[in-house]
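A short write-up of the structure that comes next.
Values below: all heavy atoms of this structure, side chains included; hydrogens, waters and symmetry mates excluded. Chain letters run A, B, ... following the sequence lines, proteins first and then strands; every chain starts at 1.
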There are 2 protein chains.
Amino acid sequence: MKTASPATPRQDLSAQIAEAIRDAIVEGRMITGERLPSEAELAEQFGVSRSTVREALKRLAAQSLIRTQRGAFGGAFVNRLSYEGAYSQQITTSTLLLSMNAVSFETACEARYTLERACAPLAARRRTDEYLATMRAEIARQSQPDLSDEAFCASDVTLHRAFVDAAGNPVLSYQLAGAVEAMQPLMNMITFTARSRGEIVGLHTALADALEAQDAAAADTALHRLEAYTLTLGRDVMASRSRHGK
Amino acid sequence: MKTASPATPRQDLSAQIAEAIRDAIVEGRMITGERLPSEAELAEQFGVSRSTVREALKRLAAQSLIRTQRGAFGGAFVNRLSYEGAYSQQITTSTLLLSMNAVSFETACEARYTLERACAPLAARRRTDEYLATMRAEIARQSQPDLSDEAFCASDVTLHRAFVDAAGNPVLSYQLAGAVEAMQPLMNMITFTARSRGEIVGLHTALADALEAQDAAAADTALHRLEAYTLTLGRDVMASRSRHGK
DNA sequence: GCCCTTATGAATGTCAGACAATTAAAGGTC
DNA sequence: GACCTTTAATTGTCTGACATTCATAAGGGC
């Protein structure tokens, strides 16, 4: 049946088939939850072997466009692409992009805080007690002197995500997830002294206070100062790294 | 050799292998441009068949973590994850998220313009003649009355991406690419009247003027008004859609 | 009739082996 | 040295088989 596309043998068959199915999903010809034909049927439809179809399906699964289920009445189903799924993909891509050293600490830092500041007006307007409580709790945790650097960073991420979520826009949260989480590996390289922790906790407190008072300008200021301070910390690490060779 | 992980048979072998290789790449044990062992070698190393390895590799290829080359001295190579690659993945994920109707037009619109406004201060400070010229050119195109709605939307995207790129931060551009491009399918549903086009072109001109004058506040205002206007247009479409069934 | 156990069949997951297609490099010819 | 041919390595594809999973149907005990 192979329709023999005239001059498109540039890609693998599996890539072409993956693309065809992806288009069907994106264009709404297949709806969420719908079951794809079985691998054997797809193989026949596209005029290829089952292995080729399977490779195509694995490509789609890697983008979490479909999920597969074994057993009777199993098969491949169109995924809903939940926010969580989108988040994790977003984070994976962003982390990759940064970890491949194509991006300087300065650039990543600037992007992250610029985006975060964008949330400030919405967060100040919409913040609920729930998110405020999360931020306060993380600030308390960050004040414990026996906290490891990794745990401090993780808490930092949690706090900032609470701030972003307080803006009450899931698409914004999704976009920011990448920016905030992807910075963590870079932040993890920083050894936090007691003094720098104190400084950061102070700025976090200012941020939480601003949100509580629904003062967007104050939140903006706190984030500006946090960016500046993070930048100096990061620069120190980068400088000492390049001094000690690689 | 199968190390028989104690209690992790939750995933397919191909997914496990993909994850193992992905970790190796992310953690820097494999560097950009490096060649992976051949499929046959990987199959032996992991104690699985070649098909299983291939499925794992397809998963990684779908995330553009690797690229494959046929022939002698071919194989799978660790990809650099260029900005373009990251862009397109970002766009795919964002588009999917929006197109699956899990997101309202209002939410998407708010997120998009909130993020774009975040770029205003940087863009106003750093804008070069190049990006200004691109914006002016797109405004001129949008003023042509015989332009199709699709072309109008595409030009809109180009203009807004020029604005974002003017901020001079590639990470920011990458993050925004998703927000801006993913809106296009939603915008494409809008039929632009001559009046609405005029309104939009006027706001675009105000945005370009603000950038030229390096006036961040004016750019912010223009984007606010653009958001408000886009929202009314979108609401009209949604309303008429729900009236006419479906 | 009701519940528990046991087939059954359809589907994915995995394997093994084969061949085709591609490609860079080595070797040969002039 | 330039050009052509061979070669070997590697991915791409196909075929057929078996293992595994799992909802449903069938059967048996009470």
Nearest-angstrom distance from the residue atom CG of L13(B) to P of dT12(C): 17 Å

Is there a side-chain polar atom (N or O) of T52(A) under 4.0 Å from OP1 or OP2 of dC14(D)? yes

Separation of atom CD in Q11(B) from atom P in dT12(C), rounded to whole Å: 19 Å

Whole angstrom is fine here: how far is it from CD in E55(B) over to C1' in dA16(C)? 14 Å

What I want to check is whether the side chains of Y83(A) and S173(A) have a donor and an acceptor closer together than 3.5 Å. no

Review item, nucleotides 18-22 of chain D N/O atoms under 3.5 Å of protein N/O:
| from | atom 1 | to | atom 2 | distance (Å) |
| --- | --- | --- | --- | --- |
| dT20(D) | O4' | R70(A) | NH2 | 3.3 |
| dT20(D) | O2 | R70(A) | NH2 | 3.0 |
| dT21(D) | O2 | G71(A) | N | 3.2 |
| dC22(D) | O2 | A72(A) | N | 3.2 |

Interatomic distance where CZ belongs to F77(A) and C1' belongs to dA23(D) [whole Å]: 11 Å

Does the distance from a Lys or Arg side-chain N to an Asp or Glu carboxylate O, for K58(B) and E55(B), drop under 4.0 Å? no

Apply the test side-chain contact (heavy atoms from CB on, under 4.5 Å) to residues T114(A) and L172(B): give CA-CA distance (whole Å), side-chain angles for both, the deciding distance (0.1 Å), then the verdict. CA-CA 8 Å; T114(A) 298; L172(B) 217 44; 4.0 Å; yes

Using whole Å, report how far CZ of F73(B) lies from C1' of dA8(D). 9 Å

Of the listed nucleotides dT15(D), dG12(D), dT12(C), the one nearest the side chain of S49(A): dT15(D)

Side chains of S155(B) and Q142(B), donor plus acceptor under 3.5 Å: yes

Of all of residues 17-26 of chain A, which get a heavy atom below 4.0 angstrom from DNA chain D, listed by number? none

Distance-only criterion, 3.5 Å: show the donor-acceptor pairs between side-chain atoms of residues 17-28 of chain A and protein atoms not counting sequence neighbours.
| from | atom 1 | to | atom 2 | distance (Å) |
| --- | --- | --- | --- | --- |
| E19(A) | OE1 | Q11(A) | NE2 | 3.2 |
| R22(A) | NH1 | Q63(A) | OE1 | 2.4 |
| E27(A) | OE1 | R29(A) | NH1 | 2.6 |

Output the rounded distance in Å from CG (L57(A)) to C1' (dG13(C)). 12 Å

With a 4.0 Å cut-off, would you call R126(A) and E110(B) a salt bridge? yes

N-O pairing of R235(B) and E106(B) below 4.0 Å: yes

Taking the side chain of T68(B) as its heavy atoms from C-beta onward, which of dT11(D), dT12(C), dT14(C) lies nearest to it? dT11(D)

Out of dC14(D), dT12(C), dG12(D), which nucleotide sits closest to the side chain of K58(B)? dG12(D)

Examine dG12(D): is either OP1 or OP2 under 4.0 Å from a nitrogen or oxygen in the side chain of R54(B)? Give yes or no. yes

After noting the C-alpha distance and the side-chain angles of Q89(B) and Q90(A), does the key distance pass the side-chain hydrogen bond (donor to acceptor under 3.5 Å, both in side chains) rule? CA-CA 9 Å; Q89(B) 271 198 252; Q90(A) 167 77 8; over 6 Å; no

Starting from the first five and the last five pairs of the helix from dG1(C)-dC30(D) to dC30(C)-dG1(D), work out the angle between the resulting helix axes, to 10 degrees. 10°

In terms of side-chain geometry, is the basic nitrogen of R161(B) or E181(B) positioned less than 4.0 Å from the acidic oxygen of its partner? yes

From CD1 of I66(B) across to C1' of dT11(D) the rounded distance in Å is 12 Å

What's R35(A) touching, base or sugar-phosphate or nothing? Going by heavy atoms closer than 4.0 Å. sugar-phosphate

When you look at Y174(B) and S94(A), which way does the side-chain contact (heavy atoms from CB on, under 4.5 Å) test go after all the steps? CA-CA 9 Å; Y174(B) 148 74; S94(A) 301; 2.9 Å; yes

Validation: residues 67-77 of chain B side-chain donor-acceptor distances under 3.5 Å, sequence neighbours left out:
| from | atom 1 | to | atom 2 | distance (Å) |
| --- | --- | --- | --- | --- |
| R67(B) | NE | N79(B) | OD1 | 3.0 |
| R67(B) | NH2 | V78(B) | O | 3.4 |

Residues passing the side-chain hydrogen bond (donor to acceptor under 3.5 Å, both in side chains) test with R136(A), sequence neighbours excluded, are D209(A), E212(A)

Could you state the atom-to-atom distance from CD of E39(B) to P of dT22(C) in whole Å? 16 Å

